[in-house]
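Only a predicted model underlies this, so the values are computations on that prediction, with no experimental measurement involved.
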Amino acid sequence: SSPMVGATTDELQSVYAAGGDQAALIAGLYLMPFAGIMFLWFIAVIRDQIGDAEDRFFATVFLGSGLIFVSVLFVATAIATAPIVGVRYLDQQTPSGREVDTAQALTYTLMFGYGTRAAAVFLLTMSTLGVRSRAFPLWLARAGYVVAFVLLLVVAFFDWIILVFPVWVALVSLFVMRREKARR
């Protein structure tokens with residue numbers, strides 16, 4: 001848990017004065033944009049793997065849901081880091097505990113209410129495209145369907161379950177890299 005969530009204004013001033021906001025600042029402003037860019041690169045690699053066998057309907061939903069996911073990721077990160085940016089770069093007053101809590105609630109709602117659903121649609125369409133084009137083995141597509149349904153149904157009860165999405169993306173990435181290495 002962040003030292004800023006649920007804190008009083010005095011506690012927040014102490015966190016900012018001691019530099020306790022640096023980890024969130026670095027993650028939000030410097031690392032998350034690269035994560036989004038890498039995810040867009042991942043989308044391009046998958047589209048390349050599918051090639052001319054790409055179904056236009058599913059490809060449109062696949063690309064659209066991937067773009068929505070990255071957009072939600074960027075907006076949620078911007079909201080989460082806005083109080084820090086205001087203090088560090090815009091010479092604004094330390095936000096109140098209520099303002100930080102509101103930013104956290106907005107971030108949570110975006111990522112868990114909308115981002116996970118966009119990720120689920122992304123997985124469903126990607127798995128379908130992979131099977132139809134024969135770009136992925138059936139076991140990989142089935143794993144994608146399972147992860148998608150988990151994101152649709154379970155994430156509301158267990159926040160940590162969202163980590164299955166990046167694990168699945170890493171699994172697909174490893175599969176593609178191994179196949180490409182074998183082709184060469």
Side-chain angles (χ1 to χ4, degrees), residues 22-81 85 106-184:
Q22 290 302 314
L25 183 66
I26 290 168
L29 289 181
Y30 301 110
L31 297 179
M32 289 307 276
F34 286 106
I37 291 165
M38 290 300 106
F39 190 74
L40 293 175
W41 192 271
F42 174 76
I43 292 171
V45 167
I46 297 304
R47 292 192 71 204
D48 184 59
Q49 292 293 306
I50 294 167
D52 293 334
E54 189 173 66
D55 177 288
R56 285 182 20 192
F57 175 80
F58 282 102
T60 301
V61 178
F62 165 72
L63 180 60
S65 61
L67 293 174
I68 289 169
F69 176 76
V70 171
S71 298
V72 167
L73 179 72
F74 284 173
V75 171
T77 303
I79 291 169
T81 58
V85 169
L106 283 168
T107 301
Y108 184 91
T109 302
L110 278 166
M111 281 311 299
F112 289 94
Y114 295 94
T116 56
R117 284 12 180 244
V121 171
F122 176 83
L123 289 172
L124 289 170
T125 55
M126 183 172 138
S127 296
T128 302
L129 284 168
V131 168
R132 286 186 173 191
S133 67
R134 293 182 166 51
F136 300 147
L138 191 56
W139 69 265
L140 190 58
R142 285 184 178 154
Y145 291 132
V146 169
V147 172
F149 286 112
V150 165
L151 289 176
L152 281 172
L153 303 174
V154 179
V155 79
F157 304 106
F158 304 107
D159 297 349
W160 57 268
I161 202 80
I162 196 169
L163 295 175
V164 297
F165 182 58
V167 168
W168 192 83
V169 168
L171 180 67
V172 171
S173 298
L174 290 172
F175 170 79
V176 169
M177 288 185 337
R178 271 186 84 193
R179 185 172 61 192
E180 288 302 311
K181 185 177 178 182
R183 284 183 182 172
R184 292 191 181 122

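- Residues Ser127 and Phe136 fail the side-chain proximity criterion, which asks for heavy atoms closer than 4.5 Å.
- When all heavy atoms of Gly144 and Leu123 are compared, the closest pair comes out as O-CB, 3.8 Å.
- Annotation: the span from Leu152 atom CG to Leu124 atom CG amounts to 6.0 Å, rounded to 0.5 Å.
- Pairing each heavy atom of Gly115 with each of Phe69, the nearest pair is O-CD1, 3.4 Å.
- Minimum heavy-atom separation, Thr107 to Ala76: OG1-O, 3.3 Å.
- Rounded to the nearest 0.5 Å, atoms CZ (Arg117) and CG (Leu151) are 8.5 Å apart.
- Taken to the nearest 0.5 Å, the CD1 atom of Ile79 stands 14.0 Å off from the CZ atom of Phe74.
- Partners of Phe122 by ring-ring contact (aromatic ring centres under 6.0 Å, His included), not counting sequence neighbours, listed by chain and number: Phe39, Phe62.
- One finds the OG1 atom of Thr125 at 10.5 Å from the CG atom of Asp55 (value rounded to the nearest 0.5 Å).
- Going from atom CD1 of Ile46 over to atom CD of Gln49 covers 6.5 Å, rounded to the nearest 0.5 Å.
- Atom-to-atom distance recorded for Leu140:CG and Leu174:CG is 10.5 Å, nearest 0.5 angstrom.
- Met111 is not listed as a side-chain neighbour of Thr116, based on a closest heavy-atom distance of 4.5 Å or more.
- Closest approach of Ile43 to Leu67, counting heavy atoms only: CD1-N, 4.5 Å.
- Residues Met126 and Trp168 are in side-chain contact: their nearest non-hydrogen atoms beyond the backbone lie under 4.5 Å apart.
- Between Thr109 and Tyr114, the closest side-chain pair of non-hydrogen atoms falls below 4.5 Å.
- Between Val176 and Glu180 there is a side-chain heavy-atom pair separated by less than 4.5 Å.
- In this structure a side-chain-to-backbone donor-acceptor pair under 3.5 Å is present from Arg179 to Ala135.
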